[in-house]
Amino acid sequence: MGARRIAVISAGLSNPSSTRMLADRLAAETAHRLTELGSEVSVDVIELRDLAHDITNNLLTGFAPPALDSAINTVISADGIIAVTPIFSTSYSGLFKSFIDVLDPDALTGKPVLIGANAGTARHSLAIDYAIRPLFTYLHAEPVPTGVFAASSDWGAKADEVAPLSTRVERGARELAEAMARREPAADKDPFDPGNYLGEGRSFGHLLGGLAGE
């Protein structure tokens with residue numbers, strides 16, 4: 001089936017972070033499922049906390065510093081994305097949304113996404129469907145049906161025994177792995193090749209000629 005690459009976006013602010021814990025579990029299970037389907041898997045984790053200043057600078061100047069540029073390229077070139085955010089004020093975190101805002105609006109078109117979120121209470125679990133899923137749908141990505149929410153209790157002795165976190169992680173990971181397996185592997189693109197953004201077979205000469213009225 002070929003190699004597959006997973007980009008994991010973790011928007012946790014603390015260290016250690018329950019957001020990162022959930023992201024790691026989702027990534028490990030998805031990689032396991034893809035391996036069972038006969039694929040080689042690589043996983044790249046992007047900690048947005050480490051890029052907070054670069055993201056702000058990008059929003060202010062329109063230019064991505066090297067570390068942020070690398071993170072953006074990792075996300076848009078991946079075969080599938082795992083995006084996990086803490087829930088603040090019933091929605092995704094500001095840092096998470098700011099990173100999404102620096103991506104090209106068409107960069108995630110058709111890309112499978114597994115959504116994860118965590119908060120102190122299960123009352124925030126609907127944020128996945130009324131806030132985060134519409135965001136990725138607007139960007140023309142393809143979120144898998146299962147979103148995985150983890151409350152603080154899911155990490156302790158009073159975890160949900162009816163729909164345990166492990167079951168939700170397995171279901172979401174399976175859906176992402178199957179969605180990735182159905183797609184052709186993402187091709188690496190040369191960022192300096194004008195054909196990637198001017199059209200196949202075209203060059204800056206065509207652009208300049210068009211501007212000159214030729």
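Heavy atoms only: backbone and side chains are in, while hydrogens, waters and symmetry mates are out. Please read all numbers here as calculations on a predicted model, not as lab measurements.
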**Student:** Side-chain contact test, heavy atoms from C-beta onward, threshold under 4.5 Å: evaluate it for Leu37 versus Arg33 and give yes or no.
**Tutor:**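 Sidechains of Arg33 and Leu37: no contact.
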
**Student:** Does either side chain, that of Asn118 or that of Ser18, offer a donor lying less than 3.5 Å from an acceptor on the other one?
**Tutor:**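 The answer is yes; a qualifying pair exists.
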
**Student:** Measuring only between side-chain heavy atoms, which start at C-beta, is Leu108 closer than 4.5 Å to His140?
**Tutor:**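 In short, these two side chains do not touch, never coming nearer than 4.5 Å.
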
**Student:** Is Lys97 reaching over with its side chain to a backbone N or O of Tyr92, donor-acceptor style, under 3.5 angstrom?
**Tutor:**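 No; judged by distance alone, with no hydrogens or angles, the pair does not exist.
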
**Student:** Any side-chain heavy atom of Phe149 within less than 4.5 Å of one from Leu22?
**Tutor:**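 Sidechains of Leu22 and Phe149: no contact.
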
**Student:** Check whether Val84 and Ile115 end up in the same hydrophobic cluster, where Ile, Leu, Val, Met, Phe, Trp and Tyr are linked by side-chain heavy atoms less than 4.5 Å apart.
**Tutor:**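 Hydrophobic grouping puts Val84 apart from Ile115.
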
**Student:** Can you confirm whether Phe63 is buried at CZ, in the sense that more than 12 heavy atoms of other residues, nucleotides or ligands lie under 6.0 Å from that atom?
**Tutor:**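 Open: at most 12 neighbouring heavy atoms sit under 6.0 Å from CZ of Phe63.
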
**Student:** Following the transitive rule for hydrophobic clusters with a side-chain heavy-atom cut-off under 4.5 Å over Ile, Leu, Val, Met, Phe, Trp and Tyr, establish whether Ile132 and Leu13 coincide in one cluster.
**Tutor:**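 Same cluster: Ile132 reaches Leu13 through Ile, Leu, Val, Met, Phe, Trp or Tyr contacts under 4.5 Å.
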
**Student:** Using atom types as modelled and distance alone, determine if a side-chain donor or acceptor of Ser70 lies under 3.5 Å from a backbone N or O of Pro66.
**Tutor:**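 Such a contact is absent between Ser70 side chain and Pro66 backbone.
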
**Student:** Group every Ile, Leu, Val, Met, Phe, Trp and Tyr by side-chain heavy-atom contacts under 4.5 Å, then state whether Leu165 and Ile87 land in the same group.
**Tutor:**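 No, Leu165 does not connect to Ile87 through the hydrophobic network.
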
**Student:** Does a side-chain heavy-atom distance below 4.5 Å link Ile6 with Leu34?
**Tutor:**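 Of all side-chain heavy-atom pairs linking Leu34 with Ile6, at least one is under 4.5 Å.
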
**Student:** Nearest 0.5 angstrom please: Thr137 OG1 to Glu142 CD, how far?
**Tutor:**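 It comes to 9.5 Å.
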
**Student:** Find out if a path of hydrophobic residues (ILVMFWY) with successive side-chain heavy-atom gaps under 4.5 Å connects Phe96 to Val148.
**Tutor:**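 Not linked; separate clusters.
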
**Student:** Heavy-atom distance under 4.5 Å between the side chains of Ile76 and Asp104, does that happen here?
**Tutor:**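 They are not in contact (no side-chain heavy atoms under 4.5 Å apart), so the answer is no.
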
**Student:** Are any non-hydrogen side-chain atoms of Asp79 and Arg183 less than 4.5 angstrom apart?
**Tutor:**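 Counting from C-beta outward, Asp79 and Arg183 never come under 4.5 Å.
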
**Student:** Identify whether the distance between the nearest side-chain nitrogen and carboxylate oxygen of Arg25 and Glu29 falls below 4.0 Å.
**Tutor:**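 No, this pair does not count.
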
**Student:** Quick check on side chain to side chain contact (heavy atoms under 4.5 Å, CB included): which of Asp24, Leu114, Val45, Ile9 does Ile82 satisfy it with?
**Tutor:**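 That would be Leu114.
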
**Student:** With a 4.5 Å limit on heavy-atom distance, are the side chains of Leu59 and Ser98 in contact?
**Tutor:**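 Yes, their side chains come closer than 4.5 Å.
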
**Student:** Rounded to the nearest 0.5 Å, how far does CD of Glu47 lie from CG of Asn15?
**Tutor:**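 If I round to the nearest 0.5 Å, the distance is 7.0 Å.
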
**Student:** Just wondering, do Phe99 and Ile72 contact through their side chains at under 4.5 Å, heavy atoms?
**Tutor:**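 They are in contact (side-chain heavy atoms under 4.5 Å apart), so the answer is yes.
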
**Student:** Treat each ILVMFWY residue as a node, draw an edge where side-chain heavy atoms are under 4.5 Å apart, and state whether Leu48 and Val113 are in one component.
**Tutor:**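 Yes.
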
**Student:** Quick check for you: to the nearest 0.5 Å, what is the distance between Met180 atom CE and Lys111 atom NZ?
**Tutor:**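 Met180 atom CE to Lys111 atom NZ measures 9.0 Å (nearest 0.5 Å).
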
**Student:** Is it the case that the side chain of Arg5 and the backbone of Val75 share a donor-acceptor pair, with hydrogens and angles ignored and the cut-off at 3.5 Å?
**Tutor:**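 Side chain of Arg5 to backbone of Val75: no pair is present.
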
